[in-house]
Amino acid sequence: MDEVAAIPAEGRKARLDELGGPIPVSPARKEAEAQHEKEHGLPPLPGAEEGKVVLRLAPFPSGSLHIGNARGLFVNEEYRRRYHGKFYLVFDDTVGSEEKRPVPESYDLILRDMEAAGIRPDAIYYKSDRLELYYRDVPRLLDLGAAYVCTCPAELLRKNRETGVACGERDREPTWQREQWVGMLGGRYEPGEAVVRVKTDMGHPNPAFRDRVLFRISDFDHPRVGKKYRVWPMLEYAFAIDDVLLGITHVIRGKELIIEDMMEEALWSALGLKGPTFLHWGLLRIRETKISKSKSYKDVKSGAYDGWADPRTWSLSSLARRGIRPEAIRQFILSFGLSQADIEVPAETLYAENRRLLDPTTARRSFVPSPRRLRVEGMPTDLRAARLANHPEHPEMGEREVALSDLFFLPEADLLKNVGKEIRLKDLINVQLPPELPASEPGQGGINAAPEVVARFTDRPNKPLPRIQWVAAPGAVAVDVFTLDDPHLLGMGEAALASAKEGDLFQFERFGFARADPQPLDAAAARRFIFAHP
RNA sequence: GCUCCUGUAGUCUAGUGGUCAAGGAUAGAGGCCUCUCGAGCCUUUGACGCGGGUUCAAAUCCCGCCAGGAGCACCA
């Protein structure tokens, strides 16, 4: 396979002709190719040359990178890896609009998210550093009659575009146009009073393509360059220039930007430049999320969310904080290929991917959500400690010792479900539950508020009973678990959890995977965990 | 409304004219295993949007329809 790939494309074809037809493919090689294809999941890049592919990701800095942006990250990264090319991060930080402004802290957030995803760009660029480069070709475009200055009010411009009517200044001579451009740069116009538009065709069948705006005026105080510039390019113009200057070979992005590709191509043809090849993917939605950057931004700002790493933002750093591995996200994303179909995928698919990675290596621990105290009457006095395996299938992962008394914590829900029955405290003993649980006194909350449930020890051997996880009272620690449903789920964890270090991953038996977070949220909790998934 | 894109099982995907009586993943069902409602193993249900055409042969090509989606900002 590599040998064939090493023959230049033309040479390969000549060779085929020489042999009088396609080389027969051996079954073994066919299989190997299928395997190769399966691993990568993405089609080959058209016209890609080994070592010469240059890609870019261009986020607008208005918040953290979330799972939706992961596609741009992992698909580009995959091609960089496959062709040993380059991958640039280009901050698309022009002024934006009234509703959409660059947010200063986003630059760091995005870098942090990329790091969380395990992807390091080969270079980082900022559009806000490159305004002069964008201005450079404007006079030429005006001279060529490929662009013009339009002083229509925004509403009129829009209306004319809809009806296909050309604005008055569209066909004025280049000298006039250049003078207006100088005027724009020099402060003659206020925001909204003049724009530069590309001259396509006011009768173009696609109304979206009619004489789009290339530059507009804004007084916005930009987080990086302040008020140094008033004339800002639109995304498509800035990229028409940068994609060429940075030597980008392939632009892979969402299909919502197809019009912008066409604009870039129109500009290249006007300027006599050659740009990259475009590829697109369709919309990706994660079923149980309605991620909105602006909503997240509001909730982060107001403090309703625990910063941008709050799992509810679905930011990449929040996924890392939950213990979702970049490799799981990568597999998840690449499995969608490059189809332009719009898709909606359940988060469960991502979780399944992550579970596959985590399960074999993650130590088991006991955590009891919404606990109730259970006192075991007749607890054997010789039973002062238990040794529990860290992983049921991997004895080499060792065991831990748990100190015992006659007092335990068990999930109240499981006790309710099994009143009057015999249950097994998993890996330990069997007990008989009372016919009903003593009612909680109204008023007081908290773990120790409800009266103890008293159960009776029956015996020790394993029996086919409902097996419930438990936490022994000696050394038990209050644990705070952040789940998507309940950001503040309080429970009891086994003593070993007290010494968990940030980043430690556990599978809480009968509960799910969680990762130790640095700071406990609740003063009452000894440790805080962020829930990943069941 | 206009422009463009997409339609393979519940979901995602492979498939580029015959080897497809359609493969994989995930979810569902059943079983085995397991002192977790986790993992693993086995079995199993389930799909080419519809209608025409081209062809010896169509999931694959063409046309029409239908259904979804995106764009139609002086946002990105």
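Below, chains carry the letters A, B, ... as their sequence lines are ordered, and counting in each starts from 1.
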Dump every N/O contact between nucleotides 43-47 of chain B and the protein below 3.5 Å, one line per pair.
none

I'd like a table of atom pairs between the protein and nucleotides 5-7 of chain B - only N or O on both sides, under 3.5 Å - with the distance next to each one.
unit_1, atom_1, unit_2, atom_2, d
B:rC5, O2', A:Gln340, OE1, 3.0

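Taking the side chain of A:Phe60 as heavy atoms from C-beta on, and the options B:rU36, B:rG1, B:rA76, the nearest nucleotide is B:rA76. The side chain of A:Arg467 approaches B:rU36 more closely than any other nucleotide in the set B:rA76, B:rU36, B:rC72. Checking B:rA70, B:rU36, B:rU13 against every side-chain atom of A:Ile343, the shortest atom distance belongs to B:rU13. In the set B:rC12, B:rG38, B:rA76, the nucleotide with an atom closest to the side chain of A:Val345 is B:rC12. Considering only side-chain atoms of A:Phe336, the nucleotide from B:rC74, B:rG38, B:rC12 that sits closest is B:rC12.
Using P as the reference atom, B:rU43 and B:rG51 are 35 Å apart when rounded to the nearest Å. Distance check on atom P: B:rC50 versus B:rU11 gives 15 Å, rounded to whole Å. The P atoms of B:rC62 and B:rC5 are separated by 12 Å, rounded to the nearest whole Å. A distance of about 11 Å separates the P atoms of B:rA22 and B:rA59, rounded to the whole Å. A gap of 12 Å separates the C1' atoms of B:rA9 and B:rA25, to the nearest Å. For the P atoms, the distance from B:rG7 to B:rG49 is 9 Å, rounded to whole Å. Atom P of B:rA47 sits at a distance of 28 Å from the matching atom of B:rC65, rounded to the whole Å. Annotation: B:rC61 and B:rU8 have their P atoms spaced 14 Å apart (nearest Å).
Counting non-hydrogen atoms under 4.0 angstrom, A:Glu260 reaches a base of the nucleic acid. Contacts of A:Arg210 with the nucleic acid, taken as non-hydrogen atoms under 4.0 Å apart, are absent. A:Pro392 comes within 4.0 angstrom of a base, heavy atoms only.
A:Glu264 and A:Tyr237 share no donor-acceptor pair across their side chains, judged by distance under 3.5 Å alone. With no hydrogens or angles considered, no side-chain donor-acceptor pair links A:Asn430 and A:Thr458 at under 3.5 Å. There is a side-chain donor-acceptor pair under 3.5 Å between A:Asp261 and A:His280. No side-chain donor from either of A:Arg210 and A:Asn160 sits under 3.5 Å from a side-chain acceptor of the other.
Regarding contacts with the backbone of B:rA39, a side-chain N or O of A:Arg355 is found under 4.0 angstrom from either OP1 or OP2. For the OP1/OP2 pair of B:rC74 and a distance below 4.0 Å, the side-chain nitrogens and oxygens of A:Arg158 include at least one atom meeting the criterion. Side-chain N/O atoms of A:Thr94 include one lying less than 4.0 angstrom from OP1 or OP2 on B:rA76. Taking 4.0 angstrom as the limit, A:Arg161 places a side-chain polar atom (N or O) nearer than this to OP1 or OP2 of B:rC74. For the pair A:Arg216 and B:rC75, the criterion of a side-chain N or O lying under 4.0 Å from OP1 or OP2 is met.
Not a single donor-acceptor contact under 3.5 angstrom links the side-chain atoms of A:Lys426 to the base of B:rC35.
The ring-ring contact (aromatic ring centres under 6.0 Å, His included) test with A:Phe367 is passed by exactly one of A:Phe409, A:Trp470, A:Phe506, A:Phe511: A:Phe511. Under the ring-ring contact (aromatic ring centres under 6.0 Å, His included) test applied with A:Phe508, the options A:Phe513, A:Phe529, A:Phe531 reduce to a single match, A:Phe529.
Note: A:Trp232 and A:His222 have parallel aromatic rings, judged against thresholds of 30 and 60 degrees for the angle between ring planes.
For the pair A:Arg56 and A:Tyr125, the cation does not sit on the ring face, since its NZ or CZ is not both under 6.0 Å from the ring centre and inside 45° of the axis. The cationic atom of A:Lys255 (NZ for Lys, CZ for Arg) does not lie both less than 6.0 Å from the six-membered ring centre of A:Phe278 and within 45° of the ring axis.
For A:Lys298, the salt bridge (Lys or Arg N to Asp or Glu O under 4.0 Å) criterion is met by no residue, not counting sequence neighbours.
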